[in-house]
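I have placed the structure first, in the form of structure tokens, so that the comments after it can refer back to it.
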Amino acid sequence: MFIGMDDTDSNERMCTTYLAALIARDLEAAGFGSVSGDLHLIRLNPSIPYKTRGNAALGFEFLPAEDTAEFRNRLISFVSEKIAESAETGCEKTNPGAVFIFEDAGSELKERLDSFFKKAVTDVIEITEAEQIVSAYSIPHLSLKNGRGLIGALAVCGAMMNPGWDCTYEYLAYRDPVRWGDQSVSPRVVDTDSLIAADQATSPGTWDTIDYSEKKYPFPVCVPSSGDPVLFGIRGESPEIVRTAAEMVVSEPVYFSQIFKTNQGTDAHLLPIQSAAEMIPLHSYILEGTVVREVQTNEGGHDILVLADDYENLPECAAFEPTGNFRKIIRKLIPGDKVAVYGSFKNNTLNLEKIEILFLAPDISFENPICPVCQKRMKSAGKGQGFRCRTCKTKSENKAETAAVRKINIGFYEVPPSARRHLSKPLIRMNNHDKSENEE
Ligand SMILES: [Zn+2]
């Protein structure tokens, strides 16, 4: 059977990953059966406005010890009670949901949930659509408050029932519950030097452990600052490598840890499109365009890039202030440059996550010509009269063209780890994939 759950966390406490890992352990300890394979951590459309913190759904496949209706009901009650007592239902945005899908559910549901999973990552799903599915297939479920959590609960089951999507892994170490909460009372104790050593020993197989681009670098981006149960998280390409890195970390006592299979770092939210006309708010895209004007920095410190495709100007592309040095790259673009932009479209702005510079236009400027005889700069001889050297009277018709050296190269650029979306594929992964594709 597949168990999916979503939306049990609040912005400050609890974390659905922790609750899912705990429930998996408790089910086994209570003799209900055993977990089969990986626990799954699925990130949904990052642009959804009513999401809780990370917009994550959690799930796992479970092999029940008995196959009777009575046993199933006891198992469902056990999980539902755990969720109901732990979920942060006091938080306005927290609307927990869980689903229980048994092996006899049929192949039609499997296909339906495959497309539902993809839609939940890239598109906007209404609660009613999730409710229609649980009702049409008589799926046992838990739905608290407005039931929005049913969306993620079904989506993660769709992901587990239809494997084969690009995946990464995250090792999450949790804090002892007595230490949760206000960071000024019980700050996380994780040794930064050990994180750097772990990063250097396992990169490029792991990423986003340390942000070296920060001014206060090296910044341990894998250690959260909120009151939730997570002590640190190591992201990487395989369960083995995240474990290797995590075992090098020196920290306060770890309450327990769990490795999750996840769609983080895969760009699964991005839809490649050909034209800006296809853009719909709350979706994320990859599209190409040509820079049409100098990049401007607005009052908020955000850099605004304006592109055009073959037909029209794109909505403004923004490199936000927290993206730090990424903005310096964006500011080096000039009209005529061709780029592919990667990001989410929201409030009529595409929020840049990555950019690929495809073509650099020559940076031409025009100046009065230099006199070929005495090497001095010529002066204008009057409107429409060309240029003349004051010293030797040599004449010239046109201004001189000079091409400045571009201080930027063709290729990919990304926001720093501390500004990265969970779903964004880090360049370190793209490079590895390119290599393996070339080797084949
Ligand atoms: Zn001269």
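Numbering of ligands and ligand atoms starts at 1, following listing order. Values below: every heavy atom of this structure, side chains too, minus hydrogens, waters and symmetry copies.
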_Lys/Arg-Asp/Glu bridge criterion (N-O < 4.0 Å) met for E129, K119_ = yes
*Quick check: are there more than 12 heavy atoms from other residues, nucleotides or ligands sitting under 6.0 Å from CZ of R406?*
yes
*Can F117 and M160 be said to form a side-chain contact (heavy atoms from CB on, under 4.5 Å), step by step?*
CA-CA 10 Å; F117 159 50; M160 292 189 287; over 6 Å; no
*side-chain hydrogen bond (donor to acceptor under 3.5 Å, both in side chains) partners of residues 361-377, not counting sequence neighbours, each pair once*: S365-T402
*Listing by chain and number, what protein N/O/S atoms are under 2.8 Å from the Zn ion (ligand 1)?*
C371 SG, C374 SG, C389 SG, C392 SG
_Sidechain N-carboxylate O distance under 4.0 Å for R148, D6_ = no
*Verify whether one side chain among Q258 and Y171 offers a donor that lies under 3.5 Å from an acceptor in the other.*
no
